[in-house]
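The sequence lines fix the lettering, A, B, ..., with proteins before strands; numbering per chain opens at 1.
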Amino acid sequence: MINMQKLLALLKDGHSRTVEMLAAELHTSADDIRRQIEYLEQIGAIKRIAFPKGNGCSGCTGCEGGTGCKGCMPANAESNMGEMWEVVSGN
Amino acid sequence: MSATIALLGQPNSGKSTLFNALTGLRQHVGNWPGKTVEKKEGTFTHKGDTYSVADLPGSYSMSANSDEEVITRDFIASGKADVVCILADSSQLERSLFMLADYAGLSAPCFLVLNMADVAKKRGKKIDAKKIEQKLGIPVMLFSATDTKSYDTFYATLERALKEKSHINVSALEAEYEKIDGYQNIQQRISDCTIPGYTPMWLTVKTLEHDKVVTAKLKNALPDEVMEQIEQQTSGTETAIAAGECKFKWIDSILNGAVTETKTKAALGKLDRIYTHKFWGKPAVVLTVLFGLLASFIPALPVMGIGSGVDAVNAMIRSSMLEAGTSAFLTGLLCDVLIQSLSYVIKMLGFVFGVTLVFGMLEEIGAMARISYVFDNTMGKLGLQGKSVMPFLVSFGCTMGGAAGARVIDNWGQKVLTIALAWAVPCGAAWAIIPMLSTVFFGAGAPLLIVALLLVMILHMWITAIIFGRKLVKTEDKCGMIMELPPYHKPKWGALMRYVFGRTKDTFFRVVKVVLLVCGIFWLLSYGGSTGENSILEKVGLAIEPVTKFFGMPWQLFLAFIASSVGKEGAVGVITALYSGGSIGTAFSEAMAGGARAANLNELLLANVTRPEALAFIFAITFNLPCVVALAATYQEIHSVKWTAKIALYYTVSALLLGCIAYHIGLLIW
């Protein structure tokens with residue numbers, strides 16, 4: 001089995017993994033995992049999870065205008081939450 | 001002589017820096033015909049020759065996944081560029097050479113610029129451009145677009161590339177592709193002139209990758225039965241994955257021996273080793289959050305003090321007003337409604353500040369992302385997907401945010417369950433009033449109560465998942481997620497403080513409005529004047545008290561509980577109105593009799609409400625439905641009146657039940 005298929009097969013057990021963990025389990029570098037993620041995303045085998053930006057909270061002034069809620073989370077919160085990808089079903 | 005150069009590279013490869021440095025002010029920015037993609041062109045002269053530069057849109061590869069990529073590809077295939085300058089990020093060549101690997105097989109001559117050489121050097125990477133050049137068969141140079149000195153080498157390489165007009169040596173890459181099942185079969189059916197500008201190898205690989213544009217073009221160029229065969233051989237993602245793998249292998253073979261790096265071990269950081277530990281991860285995260293919440297009491301306590309100061313001032317104003325002969329109604333309105341509400345709001349603000357600071361800080365240093373990793377498997381046990389953690393985390397700020405965040409869950413049943421559970425997470429308003437009330441009633445015991453509430457929250461979510469889960473989610477095979485955790489970093493204090501103060505300010509104005517309004521209404525309803533007669537509200541209250549007592553709450557607290565369904569802050573308004581308003585007669589007579597000090601609301605509360613009753617009340621409002629707006633937001637997300645009503649009813653009943661249990665436990669303790 002080739003590497004990217006091994007990666008997808010690993011995730012079938014239902015456990016989430018960080019990039020570093022995948023690198024350790026597949027005996028490769030984190031950068032190798034990252035390029036695999038990029039490629040798998042491009043061909044539609046995995047999907048980046050995008051959390052809605054303006055989260056519709058009307059409880060604070062930051063939400064007005066629907067440009068993302070500054071009041072519910074600090075301004076650069078999204079980059080501090082890291083990134084997540086899920087396997088697209090049917091693969 | 002004049003020549004056209006096209007700049008090609010992934011986003012962040014430094015393409016724009018190079019383009020701007022080359023062309024300066026001689027730029028023209030427009031749109032590509034018929035597309036909303038920006039078209040940037042410019043010119044520069046070097047040694048008397050004029051060059052025009054086309055800055056192609058940044059894209060990941062040469063596949064037709066976006067307008068940008070199709071434009072890029074068509075431009076290159078059209079032959080308008082005399083040479084294509086491919087940029088790659090030297091600091092991560094494994095990844096960034098993908099563009100080059102995907103380009104291999106196109107007919108336009110090219111050269112490779114390994115940009116950001118300075119960054120690579122800093123990271124301990126030594127790159128031998130000559131070796132890479134030998135393997136690729138095209139000019140290759142190390143470059144730093146930000147370093148003006150390196151442009152002489154750039155011009156020299158450009159001149160060489162224009163003279164040599166060389167193409168990438170693809171024999172090693174093609175040897176890899178040939179190992180893929182079906183590659184040769186397809187490749188033999190395509191010739192150099194099937195689609196001009198693209199080699200059979202390149203077109204074959206694109207069919208393996210299910211490139212829609214290429215497939216459509218081939219359909220026009222090839223007989224139907226050939227196309228059918230091709231489509232049969234390329235169905236499924238396996239061929240696409242295999243094609244990608246070939247490119248990676250080829251990149252590795254190019255880099256092998258050409259790049260040496262002083263290996264920095266990709267070991268997990270000390271903290272990550274604890275947080276991502278199979279057994280210790282969860283306790284570590286729970287303790288971190290608990291410790292953070294308890295720490296949030298520290299900035300809150302001095303603010304509580306200020307609130308108490310307002311109480312003292314209030315008492316002074318009240319007695320002097322009554323002494324001066326102001327009417328009891330006016331005195332009550334000012335002291336019991338206005339100033340008393342203000343005192344509570346100020347007391348709350350300390351906690352809003354503290355909790356926002358703690359959560360903001362956890363967010364800033366990257367701890368929140370770890371929390372979502374740690375609870376991934378727990379979500380599975382609740383019948384949810386790992387990504388449900390995010391709406392829960394958002395719900396600590398605002399339940400509406402949590403409901404909207406549940407949009408990422410495609411499965412309707414799981415979405416409903418996620419929102420139903422998110423309701424149990426105490427929102428920002430709860431974090432403002434619960435610690436405040438806990439401190440009023442239990443003093444130093446308040447932190448302990450907060451811990452108990454959080455434990456009950458976990459239990460609540462678990463039971464709720466069992467109750468609702470059976471109908472909403474089916475057990476199914478699920479795949480784990482891939483997570484890229486952000487690196488830990490120090491919080492940006494300026495931004496964090498702006499956020500914390502901004503949010504505290506927002507909360508202040510919102511809470512003042514709600515508390516004043518609710519307090520005013522209930523105060524008027526309960527106002528009995530100085531006649532000592534019971535108001536209508538009091539009569540109703542006393543009538544229902546036998547029932548409310550069953551749940552452990554006197555009628556005043558029960559009404560406050562009902563008000564908390566509208567918004568948690570409402571409960572504070574009701575308490576303020578009913579406990580201080582009721583005392584107006586006594587306070588009036590006390591003042592008339594020359595009593596030194598009118599009763600303070602805190603003391604009144606403590607005198608009228610027993611500890612078990614207070615406990616019942618705090619549990620009931622914490623786990624009551626969050627607020628009417630959250631109810632509306634829930635309906636908006638799940639589009640089901642039935643389920644929205646079910647969840648709301650469930651929360652009202654379970655909150656009363658929890659209050660009842662808390663009351664009886666309280667009776668055992670005190």
Side chain, backbone, both or neither: which part of B:Ile371 has a non-hydrogen atom closer than 4.5 Å to chain A?
neither

Could you look at B:Ser372 and say if it's the side chain, the backbone, both or neither that has a heavy atom under 4.5 Å from chain A?
side chain

Pair B:Ser66-B:Glu69, side-chain donor/acceptor within less than 3.5 Å:
yes

Is the number of heavy atoms from other residues, nucleotides or ligands within 6.0 Å of CG (B:Asp252) greater than 12?
yes

Any idea which of B:Gln385, B:Arg95, B:Met368 has the most non-hydrogen atom pairs under 4.5 angstrom with chain A?
B:Arg95

Do B:Met390 and A:Met84 come close enough that some side-chain heavy atom pair is under 4.5 Å?
yes

Is there a side-chain contact between B:Thr356 and B:Phe501 in this structure, where contact means two heavy atoms from C-beta onward sitting under 4.5 Å apart?
no

Chain B contacts, top residue of A:Ile2, A:Asp13, A:Leu10, A:Ile43 (heavy-atom pairs, under 4.5 Å)
A:Ile2

Proximal component of B:Asp410, with respect to chain A [non-hydrogen, under 4.5 Å]:
side chain

Would you say A:Met4 and A:Tyr39 make side-chain contact, with heavy atoms under 4.5 Å?
yes

Mind checking whether B:Leu496 and B:Leu357 have side chains closer than 4.5 Å, heavy atoms only?
yes

Ranked by heavy-atom pairs below 4.5 Å to chain A, first place among B:Phe248, B:Tyr373, B:Phe396 goes to B:Phe248

Between A:Leu7 and chain B, with a heavy-atom cut-off of 4.5 Å, which part of the residue counts as in contact: side chain, backbone, both or neither?
side chain

Which bit of B:Ala630 is near chain A, if near means a heavy-atom gap under 4.5 Å: side chain, backbone, both or neither?
neither

Counting only heavy atoms closer than 4.5 Å, note whether A:Ile37 contacts chain B via side chain, backbone, both or neither.
side chain

Between B:Asp376 and A:His15: side-chain donor-acceptor atoms closer than 3.5 Å:
no

Would you mind checking which part of B:Ala632 comes under 4.5 Å of any heavy atom in chain A, side chain (CB onward), backbone (N, CA, C, O), both or neither?
neither

Quick check: are there more than 12 heavy atoms from other residues, nucleotides or ligands sitting under 6.0 Å from NZ of B:Lys505?
no

Name the option with the most non-hydrogen atom pairs under 4.5 Å to chain A; the candidates are B:Lys387, B:Met483, B:Glu484, B:Arg498.
B:Glu484

